[in-house]
Amino acid sequence: MKKIGLAAVGSYVPEEKLTNGDLEKMVDTSDEWITSRTGIKERRIAPNHMHASDLAAKAAADCLAQTSTRHHPQLLIAATSTAEKNVPNQASIIAQKLNLSPLAAFDLNAACSGLVYALAVGWSLMQTQGYDHTLITAGEKLSRFVDYKDRATCVLFGDAGAALLLSADEPEHEILTVELGADPSGADLVVMGGMGDEFYFRQDGRNVFKFAVEKMGSLIDLLKARLGLKDDDRYFIIPHQANSRILEAVARNKRIPEERFISNIAKYGNTSAASIGLALKEAWAEQRFTKGDYLFLIGFGGGLSWAAAAIRW
Ligand code: UT7
């Protein structure tokens, strides 16, 4: 198997903040409820003229700026569930903006699992198609699909972009294994972007919460077993940032110290596919990881879908 590593991570968030205090003026809610139930304090909202593809392109530019020009991507997979158009796909818009050609480019929608799903697909195509560099993006403008009159959902989401560059060229931070899955019996539990009353984001929060806790726990067990990790191996979990109580529950169930879960949900809320990239970029910049650590990227969400990847730092 060809060795493939994570060469760089990029991110972008719009400037405008929407705080819990702002939301208190819009719907019947409180900073206390939002903080204690979700861990979120504020989120970023993109202006009208800024689309999901712009968020992804800015994150991709940030990512590519950290690597040498020989890292020209031959494949671009754009993970999104909030693309502003069906055609052209978001991947082509990003490639056009950043002048990335020739390359293969397509979109992938696996809701909040999208970034890790795309990483797994990119990694697999690199094994079979000979690509040496692959760009994975996640651009999400959730604010377009949020009903700001619905207190149950409007407190949860923010807009952001993230990008990963995978490289087979002297790979560092090697991707060791990936795992993908879906449980379509739960397909109606998270709905967004449809016709009529299915346009705004709606979910069965309690059942999705239960699914997320169980699935993240079982994926951690699966990755540890597959890699043969021992108790003294140090691993970090970079989970989809949906609710800090989900992470607390997994930490409790699996007896994992909470500091092993990377979280920045307080600042950005749930940014769907972008959230794992955003958290990874911040933790990398803060030098939270040392050589030999294991990183478990774990996404879950609509579909119901899940995706996990293990990386050796
Ligand atoms: O990224 C996609 C994947 N999604 C997830 O992973 C989300 C998983 N689910 C969750 O994170 C949680 O279920 C939520 C944060 C969405 C909701 O938290 P919850 O503890 O499950 O609350 P709930 O929906 O059961 O509502 C509890 C109460 C209700 O009032 P009653 O019926 O008990 O009187 C709600 O009306 O809280 C009320 N409520 C609010 N109150 C103040 C709901 N939203 C709010 C609000 N402010 N914003």
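Starting from 1, each residue takes its place in the sequence as its number. For ligands, and for the atoms within them, numbers begin at 1 and follow the listed sequence.
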Residue and atom name of the nearest protein heavy atom (relative to atom 5 (C) of ligand 1), distance in Å to one decimal: Val208 CG1, 3.5 Å

Closest protein heavy atom to atom 4 (N) of ligand 1, given as residue, atom name and distance to 0.1 Å: Gln203 OE1, 3.0 Å

Working for side chain to side chain contact (heavy atoms under 4.5 Å, CB included), residues Leu166 and Leu6: CA-CA 5 Å; Leu166 312 187; Leu6 179 67; 4.0 Å; yes

Ala212 N/O under 3.5 Å from ligand 1 N/O: no

Protein heavy atom at shortest distance from atom 2 (C) of ligand 1: Cys112 SG, 3.5 Å

Polar contact flag for Arg151 and ligand 1 (N/O pairs, less than 3.5 Å): yes

Residues Asp132, Lys2: salt bridge by 4.0 Å N-O rule: yes

Contact summary for Pro73 and Leu103, nearest pair of heavy atoms: O-CB, 3.6 Å

Atom 14 (C) of ligand 1: the protein heavy-atom neighbour that sits closest, reported with distance to 0.1 Å: Asn243 ND2, 4.4 Å

Heavy-atom closest pair, residues Gly277 and Val9: O-CG1, 3.6 Å

Glu15, CD atom: more than 12 neighbouring heavy atoms under 6.0 Å: no

Phe236-Phe289 aromatic ring centre distance below 6.0 Å: yes

Smallest separation among heavy atoms of Val155 and Leu23, with atom names: CA-CD1, 3.8 Å

Identity of the nearest option to atom 6 (O) of ligand 1, non-hydrogen atoms only, from Ser81, Ala242, Ser113, Gly303: Ala242

Donor-acceptor contact present, side-chain Arg44 to main-chain Tyr12, <3.5 Å: no

Phe300 neighbourhood, listing ligand 1 atoms whose heavy-atom distance to it stays under 4.0 Å: 6 (O)

Asn99, CG atom: more than 12 neighbouring heavy atoms under 6.0 Å: no

Enumerated ligand 1 atoms positioned under 4.0 Å from heavy atoms of Arg245: 18 (O), 19 (P), 20 (O)

Protein heavy atom at shortest distance from atom 17 (C) of ligand 1: Trp33 CH2, 4.2 Å

Near-ring test Trp306/His240, centroid separation under 6.0 angstrom: no

Which residue and heavy atom of the protein sit nearest atom 46 (C) of ligand 1, plus the separation: Thr29 OG1, 3.3 Å

Protein residue, atom and distance nearest to atom 27 (C) of ligand 1, heavy-atom basis: Arg37 NH1, 3.6 Å

Atoms of ligand 1, numbered as shown, that sit under 4.0 Å from any heavy atom of Thr38: 15 (C)

Member of Arg288, Arg312, Arg234 meeting the salt bridge (Lys or Arg N to Asp or Glu O under 4.0 Å) criterion with Asp293: Arg234

Per-atom contacts of ligand 1 with His240, taking only distances under 4.0 Å to non-hydrogen atoms: 1 (O)

Short side-chain donor-acceptor distance under 3.5 Å, Thr19 and Lys41: no

Shortest reach to atom 1 (O) of ligand 1 by a heavy atom, considering only Asn270, Leu189, Leu142, Val190: Asn270

Enumerated ligand 1 atoms positioned under 4.0 Å from heavy atoms of Ile246: 6 (O)

Heavy atom of the protein closest to atom 9 (N) of ligand 1 (residue, atom name, distance): Gly205 O, 3.0 Å

Proximal atoms of ligand 1 relative to Ala152 (non-hydrogen, under 4.0 Å): 44 (N)

The single option from Gln90, Arg144, Lys141, Glu140 passing side chain to side chain donor-acceptor pair (under 3.5 Å) against Thr82: Glu140

4.0 Å protein heavy-atom contact status of atom 11 (O) of ligand 1, strictly under: yes

Atom 37 (O) of ligand 1 touched by protein heavy atom at under 4.0 Å: yes

Atom 29 (C) of ligand 1 protein-contacted, heavy-atom criterion under 4.0 angstrom: no

